[in-house]
Each structure stands twice: as C-alpha cells, then as structure tokens.
Amino acid sequence: MTLIEFNVKTDCPLASAPEVDGDAKKAHETARAATLDFVSEIERINADQRFSAGGKQAQILKLREEREEKLSEAETLLALETKEVAEFEGILWKDAKLNTPLDPARATAIVTKFQSLDRSHRLAVIRECDGETSRALLRAPKILDLIDDQTRELLTDRLLENTDPVDYERLKERKEGLGRARYAVDTARSWLDKKSGVKSDLRSRIARARA
C-alpha cells in the first residue's frame, strides 16, 4: 500500500480507508478502533500503583485480548467482503465469457494467430486486446493450457473491462478496498503486539475460549 494514514491518538500507520462503502470499509474502521487509545491505556495501567508488576502485565494482556476481539470482528467482515467480491467477479466472468455470441470462424482465426506468436508478443496482444479476442482465447482449452496463471488473469481482466467497463471499475475498487482493509488489520495486529509486548497467539486462545 502506498497510501498510509496515522490514527488519531496513536502512531499506528494504517492503510488509508477504502473509498467504497461496505464490509471492507467497516473492517478498516474496526481495525482503527482496535488501536485507538491503546498506548495511553497501557501508560495508565503502568502508572497505577494498585497493581504489582505481575498485575500490570495481566491487565495489559487483558487489554490486548479485548483489542484482538475487535480485530476478530474485522476478520469476519473481511471474509464476508472476500466472498462477495468473488461472487461478483464470478457473475461478471460468466456473463462476459459465456453469454455473448462469438462467430466460430472468427474465433478460430484468433486462436490460430495467437498460437503462432512467441510469449512476448502474446503478452502484448493480451494487454491491448478487445472483448472479442479475449473471449475467443478464454473459450479455447488449448490456449488455457498454453498460458500461465498470471497471463490468464490479465486476459480475464481485459475481457471483463471490455465487456462491462462500469462493473469492471466497480470490481477493481472493491478489490483495492479489500486489499487496503486487509493491510490495515494486519498492521494493527502487529502494532498492538509491539506496543503491548504480548507475543502470545491470542487469536487461537480467543477461538478456543469461544468454542
């Protein structure tokens, strides 16, 4: 992530919030909430003379567990958004690949020409190809066997972009938002560990406690 923001009342560097409303944005907000006032709370515990050294450590661990609960909520939201984005992409993919007529002779010509190119020229074609070309290539099993996963993903992007530019941009925004939210949750967890000095596997412990 290149866009970084620092939380108010913390120095935790989170990715900037997703621009599109939804579960990814909620997950980002939850990760932010997990870090707010964390350092000041630890300072308050350490300054409280009622606690022994062991008591302070226990209080800090409890605080860290409470914040991990929030991150667990964020993880749930991320899982929901991941599923919804995958379903949305699947719908676009099905519509783009299967539901659009394609002239058989034209498709055969496209596939034959593509097979005659070397790898660098294939990539150049894919980067600039239109919907008809990408659809013909993706419908041809011999082409799918010929290209690697990265090239196939690029070809799929071109197909979706050329078939429905509006929905494709929406998909890109949601994927980017999901990435930002994931980065925020991971950053918040590492930061909380660092500031609290707690390195125990809190996620497993919380899961066991809920079981």
Side-chain angles (χ1 to χ4, degrees), residues 1-92 150 153 157 167-211:
M1 292 296 156
T2 56
L3 300 176
I4 302 295
E5 61 182 14
F6 285 84
N7 276 351
V8 177
K9 299 183 182 179
T10 80
D11 59 350
C12 181
L14 299 182
S16 59
E19 297 178 4
V20 180
D21 289 333
D23 288 328
K25 194 164 190 173
K26 292 176 184 176
H28 187 284
E29 292 168 350
T30 305
R32 169 190 284 274
T35 64
L36 292 179
D37 297 316
F38 188 68
V39 173
S40 60
E41 283 294 303
I42 290 178
E43 291 173 346
R44 181 188 62 77
I45 291 170
N46 284 328
D48 196 328
Q49 299 302 316
R50 294 175 300 170
F51 297 124
S52 64
K56 291 176 182 179
Q57 186 176 13
Q59 288 295 312
I60 291 173
L61 177 59
K62 180 181 178 182
L63 175 65
R64 177 66 184 86
E65 289 176 339
E66 290 171 353
R67 298 309 176 95
E68 184 61 32
E69 287 277 5
K70 286 188 176 294
L71 293 182
S72 294
E73 294 173 14
E75 293 279 6
T76 299
L77 291 166
L78 286 177
L80 289 172
E81 180 67 4
T82 299
K83 181 182 178 186
E84 289 178 6
V85 167
E87 290 175 348
F88 182 41
E89 184 170 17
I91 291 171
L92 296 184
Q150 184 177 4
E153 183 177 350
D157 283 344
D167 278 344
Y168 176 72
E169 284 302 314
R170 171 70 176 175
L171 178 65
K172 281 176 56 179
E173 289 174 352
R174 292 188 69 176
K175 282 186 172 182
E176 182 181 346
L178 188 58
R180 289 187 184 185
R182 164 56 61 194
Y183 184 89
V185 172
D186 290 344
T187 301
R189 179 170 285 115
S190 297
W191 185 87
L192 291 169
D193 284 347
K194 179 180 177 181
K195 294 300 179 181
S196 65
V198 175
K199 300 299 182 183
S200 57
D201 189 356
L202 289 172
R203 298 170 74 183
S204 295
R205 289 173 56 187
I206 290 171
R208 288 196 298 270
R210 286 174 171 173

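In this text the structure is predicted, and so the values were computed from the model without any measurement.
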| By side chain to side chain donor-acceptor pair (under 3.5 Å), which residues pair with K175, not counting sequence neighbours? | E89
| said: If the condition is side chain to side chain donor-acceptor pair (under 3.5 Å), which residues does N46 pass it with, not counting sequence neighbours? | reply: none
| query | For D193 and R189, what are the C-alpha separation, side-chain angles and deciding distance, and is it a salt bridge (charged side-chain N to carboxylate O under 4.0 Å, His left out)? | reply | CA-CA 6 Å; D193 284 347; R189 179 170 285 115; over 6 Å; no
| request: Give the C-alpha distance, both sets of side-chain angles, the deciding distance and a yes or no for salt bridge (charged side-chain N to carboxylate O under 4.0 Å, His left out) between E75 and R182. | output: CA-CA 8 Å; E75 293 279 6; R182 164 56 61 194; 2.9 Å; yes
| query | Does K26 have any salt bridge (charged side-chain N to carboxylate O under 4.0 Å, His left out) partners at least two apart in sequence or in another chain, and if so, which? | reply | none
| query | For the atom pair CG (D157) and CG (L171), what is the distance rounded to the nearest 0.5 Å? | reply | 8.0 Å
| message | Restricting to non-hydrogen atoms, name the atom on S196 and the atom on R64 that form the minimum distance, rounded to 0.1 Å. | response | OG-CD, 3.7 Å
| query | What's the shortest heavy-atom distance between A181 and A24, and which atoms? | reply | CB-O, 3.3 Å
| query | Just how far is it from atom NZ of K70 to atom CD of E66, taken to the nearest 0.5 Å? | reply | 9.5 Å
| Interatomic spacing from OG in S16 to NE2 in H28 - rounded to 0.5 Å | 6.5 Å
| query | Can you name the residues that form a side-chain contact (heavy atoms from CB on, under 4.5 Å) with A188, not counting sequence neighbours? | reply | L14, A31, T35, L71
| task | Write down the atom of A15, the atom of R180, and the distance for their closest heavy-atom approach. | result | CB-O, 3.6 Å
| With K195, which residues qualify under salt bridge (charged side-chain N to carboxylate O under 4.0 Å, His left out), at least two apart? | D11
| Exam field: side chain R67 to backbone L36, donor-acceptor pair closer than 3.5 Å | yes
| task | With salt bridge (charged side-chain N to carboxylate O under 4.0 Å, His left out) as the test, would you mind laying out the steps for E41 and R44 before giving the verdict? | result | CA-CA 5 Å; E41 283 294 303; R44 181 188 62 77; 3.1 Å; yes
| task | Not counting sequence neighbours, which residues clear salt bridge (charged side-chain N to carboxylate O under 4.0 Å, His left out) with E29? List them please. | result | none
| task | May I ask you to test the L92-Y168 pair for a side-chain heavy-atom distance under 4.5 Å? | result | no
| Nearest heavy-atom pair of P13 and T187: which atoms, and what distance? | O-CG2, 3.1 Å
| Non-neighbouring partners of R170 that pass salt bridge (charged side-chain N to carboxylate O under 4.0 Å, His left out), sequence neighbours left out | none
| Reported CG-to-CG distance for the pair L178 and L80, which is rounded to 0.5 angstrom | 11.0 Å
| message | Taking side-chain hydrogen bond (donor to acceptor under 3.5 Å, both in side chains) as the cut-off, I'd like each qualifying pair that reaches into residues 78-88, sequence neighbours left out, listed once. | response | E81-R174, E84-R174
| query | Which pairs with one or both residues in residues 49-63 pass side-chain hydrogen bond (donor to acceptor under 3.5 Å, both in side chains), sequence neighbours excluded? | reply | D48-R50
| field | Shortest non-hydrogen contact between K25 and E19, atoms and distance | value | NZ-O, 4.2 Å
| What closest approach, in Å, do V185 and A27 show between heavy atoms, and which atom pair accounts for it? | CG2-O, 4.2 Å
| note | In this structure, CD1 of I45 is separated from OG of S40 (nearest 0.5 Å) by 10.0 Å
